[in-house]
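Structure first, then comments.
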Amino acid sequence: MNDHSPPSERSWRRRYSLVGGLVAAVFVSWSYLDGRSAMSLTAVFFAGLVVGAVAKRRHGTATGVGVRTGLVGGLPILWVLFDVLAFATGLSGPTWFVGAGWLMVLGGVATVGLLGFGLSALLGEAGARVGAALTTSDPPSPTATNE
């Protein structure tokens, strides 16, 4: 992906995405620890919503922050994948069975990883677009009153 924007523009996008994604990752991790059987990516959508609104408000555009926020917020998905790999180390039986089991586990880990990060990126982008649509890009005027 070629990003032809100036370096200063890329840096604020990275910063917003990193902060929003890390906050989302904390809540996604907490949801996994709380239930231990399911992981909720709802926090990724809401982090994208906030990051998109802030980016649009301060810089006039939210382009490029949603997917990055989703990818960073989805990092706890790796935790699930490592749990599956740790479980697979307990496979026993004939060599062909263990080999076939490992092939299935690796294929499943790759598939779940791609789908998990893809869904997380999609939720982050959807949140950023909604957040950008709900806000204006004009800063408030200094003469505005709160009546």
Shared hydrophobic cluster for Val44 and Trp79 (ILVMFWY, side-chain gaps under 4.5 Å): yes
same_hphob_cluster(Val26, Ile77) at 4.5 Å side-chain heavy-atom cutoff: no
Hydrophobic cluster identity match, Leu78 and Val109, side-chain contacts under 4.5 Å: yes
Phe45: ring-ring contact (aromatic ring centres under 6.0 Å, His included) partners, not counting sequence neighbours: none
N/O donor-acceptor pair under 3.5 Å between Ser17 side chain and Arg14 backbone: no
Chi angles and distances behind the side-chain contact (heavy atoms from CB on, under 4.5 Å) call for Thr61, Arg13: CA-CA 10 Å; Thr61 182; Arg13 286 184 173 143; 3.5 Å; yes
Path from Phe82 to Val84 over hydrophobic side-chain contacts below 4.5 Å: yes
By side-chain hydrogen bond (donor to acceptor under 3.5 Å, both in side chains) - contacts of Ser40 (at least two apart): Thr42
Check: Val51 and Arg68 side chains under 4.5 Å, non-hydrogen atoms: no
Listed partners of Val23 passing side-chain contact (heavy atoms from CB on, under 4.5 Å), at least two apart: Phe27
Summary of salt bridge (charged side-chain N to carboxylate O under 4.0 Å, His left out) pairs that have at least one residue in residues 90-100, sequence neighbours excluded: none
In one Ile/Leu/Val/Met/Phe/Trp/Tyr side-chain cluster, 4.5 Å: Leu33, Val28: yes
With Ala55 via side-chain contact (heavy atoms from CB on, under 4.5 Å) - residues at least two apart: Trp12, Tyr16, Ala62, Val65
Where at least one partner belongs to residues 20-30, residue pairs that pass side-chain hydrogen bond (donor to acceptor under 3.5 Å, both in side chains), sequence neighbours excluded: none
Flag, side chain of Arg57 to backbone of Thr135, donor-acceptor distance under 3.5 Å: no
Inter-residue atom distance Leu134.CG - Lys56.NZ, 0.5 Å rounding: 9.5 Å
CG on Leu106 to CE on Met104, rounded to 0.5 Å: 11.0 Å
Side-chain donor-acceptor distances from residues 111-125 under 3.5 Å, at least two apart:
{"residue": "Thr111", "atom": "OG1", "partner": "Gly107", "partner atom": "O", "Å": "2.9"}
{"residue": "Ser120", "atom": "OG", "partner": "Gly70", "partner atom": "O", "Å": "2.4"}
{"residue": "Ser120", "atom": "OG", "partner": "Gly74", "partner atom": "N", "Å": "3.4"}
{"residue": "Glu125", "atom": "OE1", "partner": "Val67", "partner atom": "N", "Å": "3.3"}
{"residue": "Glu125", "atom": "OE2", "partner": "Arg129", "partner atom": "NE", "Å": "2.9"}

Pairs flagged by salt bridge (charged side-chain N to carboxylate O under 4.0 Å, His left out) wherever residues 37-53 is involved - sequence neighbours left out: none
Any residue meeting side-chain contact (heavy atoms from CB on, under 4.5 Å) with Ala47, in chain and number order, not counting sequence neighbours: Ala24, Thr69
Side-chain donor-acceptor pairs of residues 92-103 under 3.5 Å, sequence neighbours excluded:
none

Non-neighbouring partners of Val19 that pass side-chain contact (heavy atoms from CB on, under 4.5 Å), sequence neighbours left out: none
Pairs involving residues 17-31, ordered by first then second residue, that meet salt bridge (charged side-chain N to carboxylate O under 4.0 Å, His left out) (sequence neighbours left out): none
